[in-house]
Amino acid sequence: MEWRLFKKNHKNYPGDQYSKEYIDETLALLEEENDLTAIPLAFSFLLTNSKELQIRTAKVLQASISKLSSIQLLRLDKLFRERTSLEWNYDWGKESPYNLLLPTFTEGEKLTILGLCTFHPNGYFREKALDLLAVYSSGGELPFLIIRCNDWVNKVREKAERYVENRIASTYVTHFVDHLPLIFKLNNKERDNDSILFEKIVKLLSEKESLSALEEGIQSEIAQIRFFCYKIIIYSKMFTKKMLVNYLKLEKYPHSRLLLFNEIVADISKEEFNEYYSILKKDKFPMIRVKVLQQLYAFNPSYSKSDIEHVLFDKSSVIRSAARFLLTKQNITDFSSYYVHKITQSPHESLRGTLLGLGETGNESHVKLIIPFLKHRNAGIVKAAVQAIAMLDAEHYNNLFLEMLDHEHKGVSKEARKSLLKSYYKDKKDTIYRLYGNSNNVHTRYNAAVLLCSLPKWDAIPYIIEIYANKRESDMYLLGESRFSRWIVNFNKSFETPTKLQIDSIRQVLNKFGSQLEKIERKELEFCMKGF
């Protein structure tokens with residue numbers, strides 16, 4: 001390998017500056033965890049006098065790159081520009097990527113190395129790498145070529161576009177499908193050539209002969225590939241509603257399901273909707289279920305009442321709200337009676353949605369029906385009960401929320417914290433402080449700390465200082481740090497005057513924990529207290 005600039009300016013090649021232990025650690029990180037951030041560094045190991053290291057590095061890089069998705073390759077392109085570990089301030093334009101290739105490298109290893117060379121910060125070097133890469137026709141070169149179609153250098157971009165356009169043929173359909181996320185990035189209105197290239201590729205994929213490749217793409221584990229396959233199938237009209245329903249049943253990605261659903265219900269007949277209703281109404285995505293409800297009502301306003309009443313108890317507040325809105329169109333407005341009846345007659349069915357629904361539509365008198373569920377064995381039901389009581393009468397039940405703050409389940413404790421924040425709890429600060437100091441539950445102490453930090457301005461700052469000084473628990477320390485910074489920044493946004501008792505409390509805390517603060521932080525706090 002003849003790297004003129006490195007021989008002229010360095011006694012050793014860049015790849016030789018690292019210890020064997022460091023090289024082994026970096027390559028092991030790639031082999032075991034496939035850490036993207038290690039790839040630019042590992043690439044520099046190719047610049048070495050050791051052929052053994054070059055061969056080993058090429059093998060590891062090829063194995064690593066073969067596992068990456070299109071989106072990961074895009075991130076890697078950015079990483080190469082950010083991590084200029086190859087002394088890229090030299091005139092790399094006079095060097096050739098070809099010099100990085102040993103005769104003993106496999107074709108896959110050569111392609112990988114040339115592909116990574118297209119990520120180089122030097123435009124001339126990227127252009128030469130593109131020319132060498134364009135000789136390959138296995139399809140492995142395609143993602144690197146497509147990425148360079150968005151290059152910031154016109155000449156590099158135009159050359160990449162030409163090489164990609166040369167591959168717009170049936171033999172490359174499967175490869176284009178594999179890299180659809182990159183292709184859709186070409187649809188950039190600011191660059192006409194990119195849009196034209198995008199349209200040509202989409203036209204190829206929209207042909208009937210490409211359908212099998214698209215259907216194979218729908219089986220991909222990568223959600224974005226599936227999403228773009230659906231988009232092309234819909235654009236090309238190569239589908240029936242039944243096909244889309246079958247795709248919908250198997251699809252897990254919410255945005256893909258929404259795309260499919262919108263196409264299914266577009267111009268759908270009443271008969272078709274009724275045929276697919278049993279499938280559509282079970283969708284996990286609330287936005288889709290809301291639209292199903294609306295379509296059901298539009299087609300069957302007089303026969304849909306029982307179906308709409310059924311989803312009054314749905315876990316999603318969006319669905320419950322939509323159901324109540326549709327029922328009001330049928331002059332039904334007393335919704336709390338639905339939830340009361342459910343709790344008293346069928347307390348084990350749809351309990352979470354029932355409790356939350358009663359919280360949304362009931363009044364203070366209904367709290368007594370909810371309180372027994374605070375002892376339920378299911379933490380999700382307890383959370384719903386706490387939330388429902390907070391919606392109905394937070395002020396009168398903050399003692400109850402205070403009790404639930406020390407619940408063994410962290411989700412219940414957090415819900416109790418959120419409920420207390422909806423009420424006046426300043427008179428409970430001593431009890432909350434005791435929980436902060438004495439509770440056996442880490443989550444209780446944290447939630448108590450949040451409540452103490454959320455007190456009015458001059459009440460909160462002594463607690464914030466103490467919590468900030470708690471370096472034994474990182475979560476507490478980070479909470480205290482952020483709240484202290486926020487307190488200082490927002491100091492002048494309110495003009496509340498502290499009492500003598502509050503000032504004395506702050507000074508006592510400063511005497512005890514002030515040494516834990518940075519000198520500048522203590523100075524800022526004392527400035528805020530100046531004059532009081």
Side-chain angles (χ1 to χ4, degrees), residues 313-317 320 339-340 342-344 346-456 459-460 463-464 466-467 470 472-480 482-483:
F313 313 100
D314 196 275
K315 291 181 180 180
S316 168
S317 61
R320 295 192 301 271
Y339 299 113
V340 170
K342 192 78 167 178
I343 285 175
T344 55
S346 306
H348 302 297
E349 294 179 14
S350 308
L351 186 50
R352 184 173 179 275
T354 302
L355 291 170
L356 293 172
L358 185 57
E360 291 159 354
T361 62
N363 56 52
E364 296 90 336
S365 66
H366 293 128
V367 172
K368 63 180 183 295
L369 292 173
I370 300 172
I371 287 177
F373 295 102
L374 293 174
K375 299 185 182 300
H376 200 280
R377 64 181 180 276
N378 185 309
I381 300 302
V382 180
K383 283 171 59 179
V386 172
Q387 190 176 345
I389 294 170
M391 286 189 277
L392 293 173
D393 196 1
E395 287 296 338
H396 290 96
Y397 288 92
N398 54 12
N399 280 329
L400 186 150
F401 301 145
L402 199 58
E403 181 183 336
M404 302 306 291
L405 194 66
D406 202 23
H407 196 278
E408 62 182 5
H409 191 279
K410 66 179 181 180
V412 174
S413 177
K414 183 178 180 180
E415 196 61 55
R417 179 194 89 198
K418 290 160 67 176
S419 298
L420 277 165
L421 286 170
K422 296 175 183 176
S423 69
Y424 176 84
Y425 66 92
K426 182 179 175 181
D427 56 339
K428 307 285 192 298
K429 62 183 181 182
D430 291 340
T431 305
I432 295 171
Y433 181 68
R434 281 196 294 273
L435 284 173
Y436 165 72
N438 301 323
S439 176
N440 293 323
N441 298 318
V442 174
H443 57 260
T444 296
R445 295 201 302 274
Y446 180 82
N447 288 323
V450 172
L451 289 167
L452 293 171
C453 291
S454 303
L455 285 165
D459 289 308
Y463 298 114
I464 290 173
E466 181 173 347
I467 291 164
N470 184 358
R472 299 185 309 277
E473 298 177 87
S474 60
D475 287 346
M476 295 291 190
Y477 171 76
L478 292 173
L479 173 67
S482 65
R483 291 303 180 96

[X] side chain vs [Y] backbone, donor-acceptor pair below 3.5 Å:
X	Y	answer
S346	K342	no
D393	V367	no
N441	H443	no
R320	F313	no
S482	L479	yes

Can you name the closest pair of heavy atoms from [X] and [Y] and give their distance?
X	Y	result
S423	N398	OG-CB, 3.5 Å
S419	V386	OG-CG1, 3.4 Å
A384	R352	CB-CG, 3.8 Å
K428	N399	CE-OD1, 2.7 Å
L355	I343	CD2-CD1, 4.0 Å

Kindly indicate whether the side chain of [X], heavy atoms from C-beta on, has any atom under 4.5 Å from the side chain of [Y].
X	Y	answer
M404	E415	no
L452	I464	no
R483	I467	no
Y433	E466	yes
S454	Y425	yes
L451	L435	no
Q387	M391	yes
Y446	V442	no

State the [atom1]-[atom2] distance between [X] and [Y], to the nearest 0.5 angstrom.
X	Y	atom1	atom2	result
K315	T354	NZ	OG1	11.5 Å
T431	D406	OG1	CG	12.0 Å
E408	S413	CD	OG	11.5 Å
F373	I389	CZ	CD1	10.5 Å
I432	Y463	CD1	OH	8.5 Å

Salt bridge between R445 and E473, side-chain N to carboxylate O under 4.0 Å?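 Yes, R445 and E473 are salt-bridged.
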Does the pair Y339 and L356 meet the rule for a side chain to side chain contact (heavy atoms under 4.5 Å, CB included), with working shown? CA-CA 9 Å; Y339 299 113; L356 293 172; over 6 Å; no
Sole residue of R417, K418, H407, K414 in side chain to side chain donor-acceptor pair (under 3.5 Å) with N447: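 Result: among R417, K418, H407, K414, R417 is the only option passing the side chain to side chain donor-acceptor pair (under 3.5 Å) with N447.
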Checking N363 against S365 for the side chain to side chain donor-acceptor pair (under 3.5 Å) test, could you report, in this order, the C-alpha distance in whole Å, the side-chain angles of both residues, the deciding distance, and whether it holds? CA-CA 5 Å; N363 56 52; S365 66; 2.3 Å; yes
Would you say that more than 12 heavy atoms from the other residues, nucleotides or ligands in this model lie under 6.0 Å from the NZ of K422, or not?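 Buried by this count: over 12 neighbours within 6.0 Å.
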Contacts of F401 meeting ring-ring contact (aromatic ring centres under 6.0 Å, His included) (sequence neighbours excluded), chain-then-number -> none
Derivation of the side chain to side chain contact (heavy atoms under 4.5 Å, CB included) call for L392 and E364: CA-CA 5 Å; L392 293 173; E364 296 90 336; 5.7 Å; no
